[in-house]
Amino acid sequence: MKFHYLLVDDLLPEGEFERRVEEKVAESGDLLDDRTAAMLVVKDLGRAHIRIHDLTAAPSLACFFAKVLSVEEPREFERPDGTPGIVANVMVGDETGRARLTLWDEKAAGVSEIEAGDVLEILGRPKGGGKVTDVTAVAIQKAACEIACEETGPSTLPGPGGDLEVRVISVEEARAFKRRDGSPGAMVEVVVGNEDGVFRLVCWTPAILEGVQAGETVVIRGAVARDSVKGVEYSLGEAASVLRSDREIAVPMKTVADVEEGGSYSLAGTVLSVQPPHSFVTRNGRQSSVRNVIVADDTGEIPVVIWGEKADEHLVPGDRIEVYNAAAKRGRYGDLEVHLSWGSAFVVLGEEEKEVEVEGTVVATRQGTCIDTGDACYLLAGPLPVGYHVRARGTVHRGVISLSRLEAVIPDQEDLHRRLDRISGGS
């Protein structure tokens, strides 16, 4: 009964729901069981079950019946904050389509009780965004009804040998690893996108991607798809190949106003504020970093939390950035945030360098050593002694000045006093 109450808990108290269920059972002469009666009460309140085809247009919480098509083994993983987790994916379907059900932690640990062919009643949060609807499971239970859905059929994901035409969003540096047999290996992580969404791609033969750069459109042959925590993920082995393409691909972007808890989003906006990276040690002893940034577009602003090596990349207020495949979740204080970790990317949009000549004081800030002119603060590309008043010439790119000439000057005392008064709040 509690399962079905979750669908209407915003409409009436739990005690009133139970009373209505008991009423339904009594009216039927005890012919209805509690589950069926609860479903009828939910329907009376306008929250009927839906089909998989209608999940993308459903509210944040939806209930539906589906047949289990395949079950993945649970996988352990480490969250960005270092805590362990478990996740499992279950492919389900009905006569209208397929959905990918994601189960976390306790629910994932119990996935061994689910088998292909089982029919489930599922309460979940649809995320959409691709050919197969992603649903985060809130509650599931086995059902006795029949679902007209073939248990086997054509996959919605490209299999071995399939062609994948995408725009390359980011390419990480190759990373070395040891195989299980002790032999050395290397891998490259790439984030790619097309009209269907944004995907993580792992290449186990880095030479395949030699010369491939962010912004290019490519056709990848031999990509193998699989379900992952963030949806579809692609893998490239020795048999894969990459060809350039001239086609322009537009990756769908959302706005800040579109962001809802539980989804994955690609956004474009302007950096309003940047906190310096914070280093921490994960539970497995690995050094990592996290950084908080506020990004805004025409519809609003949102905190962006950047994890791992991406947190150390240079960012300044005013940068125009694009964020890809970022997970939306609630922060420590309940505010909605988007998080960039593995499978995510952010791109700083280009800005032309310009020649400048500035005069100011060399100061230390949280972002690094800067020249403070009183009206602006230019981050220095190289170190300078703090406290000197200098006149500098160079090129500025994204708030960073690369010096071509530097000379010490005697500061204007009146200007210096005005700036000190402004900092101290004096008149």
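Using a 4.5 Å cut-off on side-chain heavy atoms (C-beta onward), V304 and L267 make no contact. At least one side-chain heavy atom of V90 sits less than 4.5 Å from a side-chain heavy atom of V111. Proximity of S279 to Q287: side-chain heavy atoms (C-beta onward) are separated by under 4.5 Å at one or more points. V92 has its side chain out of reach of L69: every pair of non-hydrogen atoms, C-beta onward, lies at least 4.5 Å apart. Here the side chains of V242 and V219 are not in contact, with every heavy-atom distance at 4.5 Å or above. Contact of the T369 side chain with the V363 side chain is not registered, since no non-hydrogen atoms from C-beta on lie closer than 4.5 Å. You'll find the side chain of Y265 reaches within 4.5 Å of the side chain of E260, heavy atoms only. The shortest distance between side-chain heavy atoms of V290 and P277 does not fall below 4.5 Å.
Judged by distance alone, the side chains of N89 and T102 do bring a donor and an acceptor atom under 3.5 Å apart. No hydrogens or angles considered: nothing links the side chains of R221 and S241 as a donor-acceptor pair under 3.5 Å. A donor atom on one side chain and an acceptor atom on the other are found under 3.5 Å apart for E359 and H389.
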Subject >> Trace of the side-chain contact (heavy atoms from CB on, under 4.5 Å) decision for V166 with I220 >> reply: CA-CA 8 Å; V166 291; I220 301 172; 4.0 Å; yes
**OP:** Could you check R125 against E261 for side-chain contact (heavy atoms from CB on, under 4.5 Å), going step by step and ending with a plain yes or no?
**Re:** CA-CA 9 Å; R125 301 188 186 280; E261 184 181 359; over 6 Å; no
**OP:** Carefully, step by step, assess T270 and D297 under the rule side-chain contact (heavy atoms from CB on, under 4.5 Å).
**Re:** CA-CA 6 Å; T270 302; D297 64 13; over 6 Å; no
**OP:** I would like to know whether S245 and E165 meet side-chain hydrogen bond (donor to acceptor under 3.5 Å, both in side chains); could you show each step before the answer?
**Re:** CA-CA 8 Å; S245 171; E165 189 169 21; 2.7 Å; yes
**OP:** Under the salt bridge (Lys or Arg N to Asp or Glu O under 4.0 Å) rule, what do K67 and E115 come out as? Steps first, then yes or no, please.
**Re:** CA-CA 10 Å; K67 179 181 284 189; E115 297 179 352; over 6 Å; no
**OP:** Kindly indicate, with the supporting measurements, whether the criterion side-chain contact (heavy atoms from CB on, under 4.5 Å) is fulfilled by L123 and I140.
**Re:** CA-CA 6 Å; L123 184 66; I140 59 173; over 6 Å; no
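The distance from the CG atom of L103 to the CD atom of E72 is 11.0 Å, given to the nearest 0.5 Å. The CG atom of L101 lies 8.5 Å from the OG1 atom of T136; values are rounded to the nearest 0.5 Å. Rounded to the nearest 0.5 Å, atoms CD1 (I294) and CG (N292) are 7.5 Å apart. Put simply, CD1 on I249 and OG1 on T217 are 4.5 Å apart, with the number rounded to the nearest 0.5 Å. In this structure, OG1 on T96 lies 6.5 Å from CG on D54, to the nearest 0.5 angstrom. Atom CE of residue M253 and atom CG of residue D258 lie 11.5 Å apart, to the nearest 0.5 angstrom.
Heavy atoms of other residues, nucleotides or ligands lying less than 6.0 angstrom from CZ of R330 number more than 12. Atom CD of E407 is surrounded by more than 12 heavy atoms from other residues, nucleotides or ligands within 6.0 Å. By the neighbour-count criterion of 12 heavy atoms within 6.0 Å, atom NZ of K254 is sparsely surrounded, having that number or fewer from other residues, nucleotides or ligands.
Of all the heavy atoms in F346 and K310, the pair that sits closest is CE2-O, 3.7 Å. Counting all heavy atoms, side chain and backbone alike, V259 lies closest to L336 at O-CD2, 3.4 Å. P252 approaches N194 most closely through the heavy-atom pair CD-O, 3.3 Å. Listed here is the closest heavy atom pair of A66 and I52: CB-CD1, 4.1 Å. The two residues A345 and S170 make their nearest non-hydrogen contact at CB-OG, 3.4 Å. Shortest non-hydrogen contact noted between I401 and Y378 is CG2-CB, 3.9 Å.
Under a 4.0 Å N-O distance rule, the pair R167/E216 does not qualify as a salt bridge. Taking the charged nitrogens against the carboxylate oxygens, E113 and K107 have no contact shorter than 4.0 Å, which rules out a salt bridge. Between K142 and D118 there is a salt bridge, since at least one side-chain N of the basic residue sits less than 4.0 Å from a carboxylate O of the acidic one. The pair K329-E337 fails the salt-bridge criterion, with no side-chain N (NZ, NE, NH1 or NH2) lying under 4.0 Å from an Asp/Glu carboxylate O.
For the pair D319 (side chain) and V271 (backbone), a donor-acceptor distance under 3.5 Å is absent. Under the 3.5 Å distance criterion, the side-chain polar atoms of S404 are matched with a main-chain donor or acceptor of R393. With D94 contributing its side chain and G97 its backbone, the two residues share a donor-acceptor pair below 3.5 Å. Between the side chain of S266 and the backbone N or O of Y324, no donor-acceptor pair lies under 3.5 Å. Looking only at distances, no side-chain donor or acceptor of R391 sits under 3.5 Å from a matching main-chain atom of V358.
Every side-chain contact (heavy atoms from CB on, under 4.5 Å) that A296 has, sequence neighbours left out, goes to L272, E301. In this structure E309 satisfies the side-chain contact (heavy atoms from CB on, under 4.5 Å) test with no other residue, sequence neighbours excluded.
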Validation: residues 201-214 side-chain donor-acceptor distances under 3.5 Å, sequence neighbours left out:
residue : atom : partner : partner atom : Å
W204    : NE1  : S235    : OG           : 3.0

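Note: H339 and W307 have parallel aromatic rings, judged against thresholds of 30 and 60 degrees for the angle between ring planes.
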